[in-house]
Amino acid sequence: MNTEPNQAIVREFMECTFNQGDLAAIDEHLAPDAIDHQEPPGTDFRAHLKQVVSAMRTAFPDLHFEIHHMLAEGEIVAFRSTMTGTQTGPLRLGPLQAPATGRRVTVAHMHFVRLVDGKGQELWHVWDIAGMMRQLGVAPVPQRQPA
């Protein structure tokens with residue numbers, strides 16, 4: 001199976017939505033019944049993702065995802081990326097709350113996306129939320145314990 005088209009779709013999706021803030025690209029690239037496995041069952045993934053992108057771009061107007069590695073097999077595309085941005089607006093994303101700090105963040109992410117007929121159907125996603133909150137100065141930096 002040629003996985004290059006799926007990789008191109010995922011790259012285009014990340015560029016349009018997160019890097020450019022094009023919310024219409026969410027409806028274009030995600031199936032209506034798509035599932036985000038980080039969210040409770042029944043969550044409208046499209047609506048939820050629009051809220052996430054809007055909140056992240058409000059907090060980080062220069063939000064940018066750089067994809068470092070991408071692998072694909074069958075319907076699954078996996079990639080490692082780094083999110084960067086300067087928090088010049090308030091962060092309001094569920095339990096993640098922080099006033100504008102003016103600080104720049106660099107946050108590691110990993111994604112697994114299942115595509116069916118060229119549309120995102122399922123997402124599994126991990127990101128370093130604790131590291132981001134420490135970089136913003138709103139979470140304590142863990143102290144190294146003596147050996």
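In this text the structure is predicted, and so the values were computed from the model without any measurement.
Side-chain atoms of Q135 and T101, non-hydrogen and from C-beta on, never get closer than 4.5 Å to each other. Using a 4.5 Å heavy-atom cutoff, the side chains of D27 and K50 are in contact. V77 is not listed as a side-chain neighbour of T3, based on a closest heavy-atom distance of 4.5 Å or more.
Once rounded to the nearest 0.5 Å, the distance linking CG of D44 with CG of L30 reads 10.0 Å. The line from CG of N6 to CD of E73 is 12.5 Å long, rounded to the nearest 0.5 Å. From T17, atom OG1 reaches atom CD1 of I26 across 6.0 Å, with rounding to the nearest 0.5 Å. Within the model, atoms CE of M132 and OG1 of T106 stand 12.0 Å from one another, a figure rounded to the nearest 0.5 Å. Rounded to the nearest 0.5 angstrom, L91 CG and M133 CE are separated by 5.5 Å. Here Q7 contributes atom CD and M70 contributes atom CE; the two are 6.0 Å apart, rounded to the nearest 0.5 Å.
Scored by the side-chain contact (heavy atoms from CB on, under 4.5 Å) test, H64 finds N19, E66, T84 as partners (sequence neighbours excluded). Evaluation of the side-chain contact (heavy atoms from CB on, under 4.5 Å) rule for V116 yields E75, R114, Q121 as partners, not counting sequence neighbours.
Applying the 6.0 Å contact sphere to CG of D117 captures no more than 12 heavy atoms from other residues, nucleotides or ligands. Taking a 6.0 Å sphere around NE2 of H69, one finds it holds 12 or fewer heavy atoms contributed by other residues, nucleotides or ligands.
Side chain of Q51 to main chain of L93: no donor-acceptor pair is present (N/O by atom type, distance under 3.5 Å, no hydrogens or angles). In terms of modelled atom types and a separation under 3.5 Å, the side chain of Q87 and the main chain of G89 share a donor-acceptor contact. Using a distance-only test at 3.5 Å, with no hydrogens or angles considered, no donor-acceptor pair links the side chain of D22 to the main chain of C16.
Cluster annotation: F45 is connected to L23 through the hydrophobic network of ILVMFWY side chains, with a link wherever side-chain heavy atoms come within less than 4.5 Å. The hydrophobic cluster containing I67 also contains V53, counting ILVMFWY residues as joined when their side-chain heavy atoms lie under 4.5 angstrom apart, directly or transitively. No single ILVMFWY cluster, assembled from side-chain heavy atoms under 4.5 Å apart, contains both I35 and M110. When hydrophobic clusters are built by joining Ile, Leu, Val, Met, Phe, Trp and Tyr residues whose side-chain heavy atoms come closer than 4.5 Å, directly or via intermediates, F112 is not grouped with W127. Linking ILVMFWY side-chain heavy atoms closer than 4.5 Å, directly or via other members, places L71 and F79 in two distinct hydrophobic clusters.
Of all heavy-atom pairs spanning R134 and R103, the tightest one is O-NH1, 4.2 Å. Here the shortest heavy-atom pairing between G85 and D62 reads CA-OD1, 3.3 Å. The two residues R57 and L63 have their closest heavy-atom pair at NH1-O, 3.5 Å.
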Please lay out, stage by stage, how E28 and E12 fare under the test side-chain contact (heavy atoms from CB on, under 4.5 Å). CA-CA 11 Å; E28 179 183 332; E12 179 181 330; 4.0 Å; yes
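Evaluation of the ring-ring contact (aromatic ring centres under 6.0 Å, His included) test over residues 15-41, restricted to residues two or more places apart or in two chains, returns F13-H29, F18-F65, H37-W124.
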